[in-house]
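Worksheet: the structure to be examined is printed underneath.
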Amino acid sequence: MAETLGAAPVRVLIVDDQPLVRGGFRMLVDSQPDLTVVGDLDDGAAAVEAVRTAAPEQCPDVILMDVRMPRMDGIAATREILRLRPEVRIIVLTTFDLDEYALEGIQAGASGFLLKDARPEELLDAIRTVARGDAVIAPSTTRRLLSHLVSGGFESPGRHSPDRPSADVAAETSRTGPGGTTPPEESRGLGAAHAPGPGAPQTRAGCVDGGAPAQDPWQDPRLGTLTAREREVFELIGEGCSNGEIMQRLFLSEPTVKTHVSHILSKLQARDRVQAVVIAYETGVVLPG
């Protein structure tokens, strides 16, 4: 992404207790003309204090936040930072794609999460995406995280499952959000029909568990104000569809999709698309696949 003429670079704060990780991220981010690192810290408490005392022109726009750190972990730091500066965007960094901390980070208000072994261009895209006010959604890993949430499959924080798989797939980033657009090459890569593959999330079709009637998720009070069209869009958001894919599926224009997404986030009081996906799983609009 080329730097916009006259635009200030996106300010990035790196928070990780491993010096080598911080140094690598700093070199990568500072190599971009439209991004600049305003600091790197080794724990959440220091990050909270940095945000609390930063002058407006020095406050980070985006924070890369590790979850497991001494003194204050990334989850507690995320909650406190967003209480102080709700406009700050936080990307949770995790080693595992089935990490209960990553889900807690999203629930705490983070704008998404990435695996630490994501490719450099994915990390840079994620920073730019959340700086625009959109969210970073990793469809495959988000789906597994939320499936564990609704099935009660997570252990309590601090405990690690011996059979948790290591991250073998780099996180994917959604480059669209309430005001985003979908590059043509992204739409081609995702497939025009967006046909669900094995393990893909499924919206409710009237029955579950071998034919037993499904509880109507639309009875949830949080969804009561959504219109019929907004429900259709919300289901597709829950499936991880980008704005471009929603346009194709529902034969809508881009401005119309943006308007529907904006109204949905407002009615659900969701911070961004990631929060909307969480609500879609919590209410049962989207089922674990």
Side-chain angles (χ1 to χ4, degrees), residues 10-30 32 35-54 58-120 122-138 141-142 145 157-158 167 170-171 173-174 177 271-275 277-278:
V10 174
R11 299 183 296 269
V12 181
L13 176 66
I14 300 165
V15 187
D16 195 292
D17 62 342
Q18 299 180 40
L20 201 57
V21 172
R22 294 199 308 273
F25 284 163
R26 175 182 276 274
M27 290 179 61
L28 174 65
V29 174
D30 271 340
Q32 304 298 300
L35 307 175
T36 185
V37 175
V38 294
D40 62 82
L41 304 168
D42 61 0
D43 77 85
V48 171
E49 186 60 23
V51 170
R52 188 196 313 274
T53 59
Q58 289 298 317
C59 187
D61 301 304
V62 177
I63 299 177
L64 301 179
M65 180 77 75
D66 188 21
V67 288
R68 300 175 184 177
M69 295 179 291
R71 287 213 297 163
M72 177 183 285
D73 65 37
I75 307 307
T78 293
R79 291 194 183 98
E80 183 62 16
I81 287 170
L82 293 179
R83 185 186 69 80
L84 293 170
R85 300 280 180 93
E87 71 277 9
V88 173
R89 297 287 169 166
I90 298 177
I91 301 173
V92 170
L93 301 173
T94 179
T95 305
F96 302 104
D97 64 353
L98 280 178
D99 191 332
E100 67 272 17
Y101 287 99
L103 179 59
E104 288 191 27
I106 291 173
Q107 292 175 319
S111 294
F113 71 94
L114 283 176
L115 303 182
K116 283 188 176 180
D117 66 353
R119 295 190 300 272
E122 291 177 321
L123 178 63
L124 296 173
D125 282 345
I127 293 170
R128 292 167 177 138
T129 296
V130 300
R132 292 198 303 262
D134 300 342
V136 176
I137 303 176
T141 47
T142 298
L145 281 166
T173 55
S174 171
R271 175 181 170 86
D272 51 35
R273 272 179 119 93
V274 171
Q275 298 290 313
V277 172
V278 171

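For clarity, every value in this text was computed on a predicted model and none was experimentally measured.
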Problem set entry | Stepwise side-chain contact (heavy atoms from CB on, under 4.5 Å) test for Thr36 and Asp30 | CA-CA 5 Å; Thr36 185; Asp30 271 340; 4.0 Å; yes
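Between atom CD of residue Glu104 and atom OG1 of residue Thr94 there is a gap of 11.5 Å, rounded to the nearest 0.5 Å. Leu115 CG to Leu123 CG: the interatomic distance, rounded to the nearest 0.5 Å, is 11.5 Å. The distance from the CD atom of Glu49 to the CG atom of Leu84 is 9.5 Å, given to the nearest 0.5 Å.
With a 4.5 Å cut-off on side-chain heavy atoms, Lys116 and Asp66 count as touching. Within the 4.5 Å cutoff, the side chain of Val51 has heavy atoms near those of the Cys59 side chain. Between Leu64 and Asp16 the shortest side-chain heavy-atom distance does not fall below 4.5 Å. Counting only heavy atoms from C-beta outward, the side chains of Val37 and Phe25 never approach each other to under 4.5 Å. Counting heavy atoms from C-beta on, the side chains of Arg89 and Arg132 never come closer than 4.5 Å.
Taking both residues in full, the closest heavy atoms of Gly105 and Val92 are given as CA-CG2, 4.0 Å, listed atom of the first, atom of the second, then distance. The shortest heavy-atom contact between Ala47 and Val15 is CB-CG2, 3.7 Å. The shortest non-hydrogen separation linking Leu82 to Ala110 is CD1-N, 4.2 Å. Nearest approach of Leu13 to Gly39, heavy atoms of both residues: CD1-O, 3.3 Å. Of all non-hydrogen atoms in Val88 and Pro60, the two that sit nearest each other are CG2-O, 3.6 Å.
Listed by chain and residue number, nothing satisfies the salt bridge (Lys or Arg N to Asp or Glu O under 4.0 Å) test with Arg79 (two or more places apart in sequence, or in another chain). With sequence neighbours left out, Arg11 forms a salt bridge (Lys or Arg N to Asp or Glu O under 4.0 Å) with Asp61. Applying the salt bridge (Lys or Arg N to Asp or Glu O under 4.0 Å) criterion to Asp42, with sequence neighbours excluded, gives no partner residue. Partners of Arg85 according to the salt bridge (Lys or Arg N to Asp or Glu O under 4.0 Å) rule, which considers only residues two or more places apart in sequence or in another chain, do not exist here. When the side-chain contact (heavy atoms from CB on, under 4.5 Å) test is applied to Leu124, the partners found at least two apart in sequence or on another chain are Leu28, Gln32, Leu35, Arg128. With sequence neighbours excluded, the residues satisfying side-chain contact (heavy atoms from CB on, under 4.5 Å) with Pro70 are Asp17, Asp43.
Screening Ile75, Ile91, Ile81 for a side-chain contact (heavy atoms from CB on, under 4.5 Å) with Met65, the sole residue that qualifies is Ile81.
Although no hydrogens or angles enter the test, the distance criterion places no donor-acceptor pair under 3.5 Å between the side chain of Arg26 and the main chain of Ile14.
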